[in-house]
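Heads up: the structure comes next, in structure tokens.
Naming convention: chains lettered A, B, ... in sequence-line order (proteins, then strands); numbering from 1 in each chain.
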2 protein chains.
Amino acid sequence: MKKMTLKEIAQVFNVSISTVSKAINDSHEISYGLKTKIQQYAKENKYRPNKLALNLRQKKTKTIGVVVPNILNYFFTQVFSGIEKVANEKGYNLLSCISDESYEKEVKTLEFLGGGTVDGIIVSMAEETQFKSKMDHFQNLLDEHIPLVMFDRVSDDVLCDKVVVDDYEAGYRTAKYFLNLGCTTLAVVSAIDQSSVGRLRVDGYKKALSEADIPFDDRLILRLGKKDDLELLMSLLLNYKQIDGIMALDEITAVEVLRIVKARGYKVQEDISVIGFTNGKLSRYVTPSLTAVSQHGTYLGETAANTLIERMEGRTGKDFSTRIIKTSLVVRDSTKKL
Amino acid sequence: MKKMTLKEIAQVFNVSISTVSKAINDSHEISYGLKTKIQQYAKENKYRPNKLALNLRQKKTKTIGVVVPNILNYFFTQVFSGIEKVANEKGYNLLSCISDESYEKEVKTLEFLGGGTVDGIIVSMAEETQFKSKMDHFQNLLDEHIPLVMFDRVSDDVLCDKVVVDDYEAGYRTAKYFLNLGCTTLAVVSAIDQSSVGRLRVDGYKKALSEADIPFDDRLILRLGKKDDLELLMSLLLNYKQIDGIMALDEITAVEVLRIVKARGYKVQEDISVIGFTNGKLSRYVTPSLTAVSQHGTYLGETAANTLIERMEGRTGKDFSTRIIKTSLVVRDSTKKL
DNA sequence: ATGAAAGCGCTAACAT
DNA sequence: ATGTTAGCGCTTTCAT
């Protein structure tokens, strides 16, 4: 039972290929009798039009390319899941690629996707790309008029639709929340200082401090490199000043911070409040459960997919949009009660 | 700068399309001078062969379809990541689909993938599919000679390559481990009793009990339905007998069990030992950290991808293989020390 | 109501 | 060394 083609069906009925094509597509041009016979035959023999031929003919694939830096990160998984949901509803498929935070892989991937394989692309930049600030590969896509939506890790140098988390605002409001709680010596632990996202959060934090007339102290910002020892840096930090609030910019780091703080004998909540970014499963189940900034990854993904699909289907003007997803704070047990 | 074709290049140089094709593919048939000129022109103008045309011509897509039930489940994410890694290394792309545990969606997805979009398919069955035991959609693929690899949630009724976790053995060894610890009243909490995977683990558990001459008591098996209240069922269970070991068949359930047991005043480790299946991030960071059965998801994914690629590239015999991934126990703090 | 022919972009066997 | 032709499977004018 090999794949069957229009040609074969045509031979069976001794008609032309185009007749069969029309019959199968239920064209009114074909007589009722012949049409039903052909349709029935097609169904019985499980005829399926060859997608490759259709793609070539119609110059579209009904496929969206998705490039994420790392799928093992729950936030990106959530976004992916949101994209999938919308894409599926609207009849699109997902060609998924992982850049592994590598610039080179990202370039190759986008080059590939630009080759006609997909109708549009959704991407969040690799860390290395953000670091290098090289955006040519995105520009190439734009030059070829391939619809592109960037999310979360975006660049001002690329003119396309974007969906971002309001990281500045999130940093600001998180710091504010600490201040309202009565915390005054606020540290930040960032494992993502390379990225715009991380820096925006710190900027928001600075603004909150300045509004409260608290001088900014850079030594309270712990910037964690790939090979750094968090344990060690944390103990330096904790010895430096009597810290009563820590904001950790990703979930794993937040959980680690929690562990270290506990291990060093501090009482989380009473002595030190901790808030993490990214509200994933860990935050909920860790002890004490972690107050966290939710970035609504799934919703973000849905928004990105909708934006792209609208663009692909020409239902948007020529101006690019930047949609901003509001964060929200999920209060749990790692912060003082109000 | 719209996409450029061979035809356009041919016009520029006043040669035939096939000459250009050959030149670009660096054929020896073309004179050095012309060849380099064309190649240079192509490069400058960023010529990229149209993938759709190539696919049609060569009747392959260098794409693998992956269908997983749920990407928000860390195990599947790991598998996916493993597949991606190998696929990428071998020059394949991934068309990813999520069945959402739905039979219907799985059927539609496979129908779509069978339409020529991919060269081969890797799939783990939806829960509903396992429950209904309807395998026609897989059989259809096989009939059309589309290479298929099933993993983790597989069916004996589908004759194809498979990669599975040794769940029977895992259940057996986990129960054994409890017994060695001195635990004798072992409960199982299963939220996946619909699936082969869940039942195999329970079967392994039974074997270990019988070897130790402990009679099997079905009331110690807590089968959790979608809408059931774990909290309530757990308290019934804990009141039923003095349980000293609990084996939870998925990570979230394990973590919940841990929480409930703690909340009811039992000392995890001393009073009750808990082992979870699936060694994800949660297990590591929860308090107390959870002893867990690792299924080596990434490795499983790599194996599945390798198996499929070998099959697609015809480097395997006609017999189908079933590769078995051994589990291993990651001992942490939720179990008694030996 | 049916069919012939062109074409999507590319490759490759077969001329010249 | 270069060109011609056919064809991958399908849709879609434009005849008939």
Side-chain angles (χ1 to χ4, degrees), chain A residues 1-39 41-42 45-63 112 114-119 144-146, chain B residues 1-39 41-42 45-63 112 114-119 144-146:
Chain A
M1 261 207 266
K2 207 59 201 128
K3 274 213 100 36
M4 107 168 331
T5 68
L6 290 186
K7 201 180 188 175
E8 284 161 25
I9 304 185
Q11 273 155 5
V12 173
F13 288 88
N14 247 306
V15 293
S16 79
I17 295 178
S18 59
T19 304
V20 177
S21 169
K22 286 170 186 165
I24 285 180
N25 291 309
D26 209 28
S27 159
H28 53 273
E29 293 182 29
I30 307 297
S31 69
Y32 181 77
L34 183 58
K35 202 157 77 175
T36 42
K37 264 194 295 184
I38 291 183
Q39 285 176 354
Y41 182 86
N45 294 64
K46 302 212 184 77
Y47 167 78
R48 309 237 156 267
N50 181 323
K51 283 277 182 351
L52 304 180
L54 281 181
N55 288 347
L56 178 58
R57 183 97 233 291
Q58 301 170 170
K59 296 188 164 205
K60 48 187 187 133
T61 60
K62 276 278 182 182
T63 302
F112 171 82
T117 333
V118 297
D119 296 346
E144 298 187 23
H145 303 110
I146 297 171
Chain B
M1 262 207 266
K2 208 56 204 129
K3 275 212 101 35
M4 104 169 332
T5 68
L6 289 185
K7 199 180 189 178
E8 285 161 25
I9 303 185
Q11 272 155 5
V12 172
F13 287 88
N14 249 304
V15 293
S16 79
I17 296 179
S18 64
T19 304
V20 178
S21 170
K22 287 171 187 164
I24 285 180
N25 290 308
D26 211 28
S27 158
H28 54 271
E29 292 182 29
I30 306 298
S31 69
Y32 181 77
L34 184 56
K35 201 157 77 175
T36 42
K37 264 195 294 185
I38 291 183
Q39 285 177 352
Y41 182 86
N45 294 64
K46 302 213 185 75
Y47 167 79
R48 310 237 157 268
N50 181 325
K51 283 275 181 356
L52 304 180
L54 281 181
N55 288 346
L56 177 58
R57 183 99 233 294
Q58 301 169 169
K59 296 189 165 207
K60 47 185 187 133
T61 61
K62 276 282 185 176
T63 302
F112 171 82
T117 333
V118 298
D119 296 346
E144 298 187 23
H145 303 109
I146 298 171

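Whole-Å rounding puts the R48(B) CZ to dC10(C) C1' distance at 16 Å. In this structure, L54(A) places its CG atom 13 Å from C1' of dC8(D), rounding to the nearest Å. In this structure, L6(B) places its CG atom 12 Å from P of dA12(C), rounding to the nearest Å. Look at CG on D26(B): it is 17 Å from C1' on dC10(C), rounded to the nearest Å. Note: CG (L52(A)) to P (dC8(D)) measures 14 Å, nearest angstrom.
No side-chain donor from either of E8(A) and N45(A) sits under 3.5 Å from a side-chain acceptor of the other.
Using a 4.0 Å heavy-atom distance criterion, N55(A) is classed as making no nucleic acid contact. Nucleic acid contact class of Y47(B) (heavy atoms, under 4.0 Å, all strands): sugar-phosphate only.
With a 4.5 Å cut-off on side-chain heavy atoms, T19(A) and L34(A) count as touching. At a threshold of 4.5 Å between non-hydrogen side-chain atoms, the residues K35(B) and D26(B) count as touching. Side-chain contact between F112(A) and K51(B) is present, with at least one heavy-atom pair separated by less than 4.5 Å. Side-chain contact between Y41(A) and M4(A) is present, with at least one heavy-atom pair separated by less than 4.5 Å. Using a 4.5 Å heavy-atom threshold, the side chains of I9(A) and I24(A) count as touching.
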Report all interatomic pairs (protein N or O, nucleotide N or O of nucleotides 6-8 of chain C) with separations under 3.5 Å.
unit_1: dG7(C); atom_1: N2; unit_2: R57(A); atom_2: NE; d: 2.7
unit_1: dC8(C); atom_1: O3'; unit_2: K59(A); atom_2: NZ; d: 3.4

Produce the list of close N/O pairs, under 3.5 Å, pairing protein atoms with atoms of nucleotides 1-4 of chain C; give distances to one decimal.
unit_1: dT2(C); atom_1: OP2; unit_2: S31(A); atom_2: N; d: 2.9
unit_1: dT2(C); atom_1: OP2; unit_2: S31(A); atom_2: OG; d: 2.9
unit_1: dT2(C); atom_1: O4; unit_2: E29(A); atom_2: OE1; d: 3.2
unit_1: dG3(C); atom_1: OP2; unit_2: S16(A); atom_2: N; d: 2.9
unit_1: dG3(C); atom_1: OP2; unit_2: T19(A); atom_2: OG1; d: 2.5
unit_1: dG3(C); atom_1: O6; unit_2: K22(A); atom_2: NZ; d: 2.3
unit_1: dA4(C); atom_1: N6; unit_2: S18(A); atom_2: OG; d: 3.1

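Salt bridge status for D119(A) with K62(A): absent, with no side-chain N to carboxylate O gap under 4.0 Å.
Taking a 6.0 Å sphere around NZ of K3(A), one finds it holds more than 12 heavy atoms contributed by other residues, nucleotides or ligands.
Residue S21(A) places at least one side-chain N or O under 4.0 Å from the OP1 or OP2 atom of dT11(D).
Smallest separation of non-hydrogen atoms from P49(A) and L54(A): CB-CD1, 4.0 Å.
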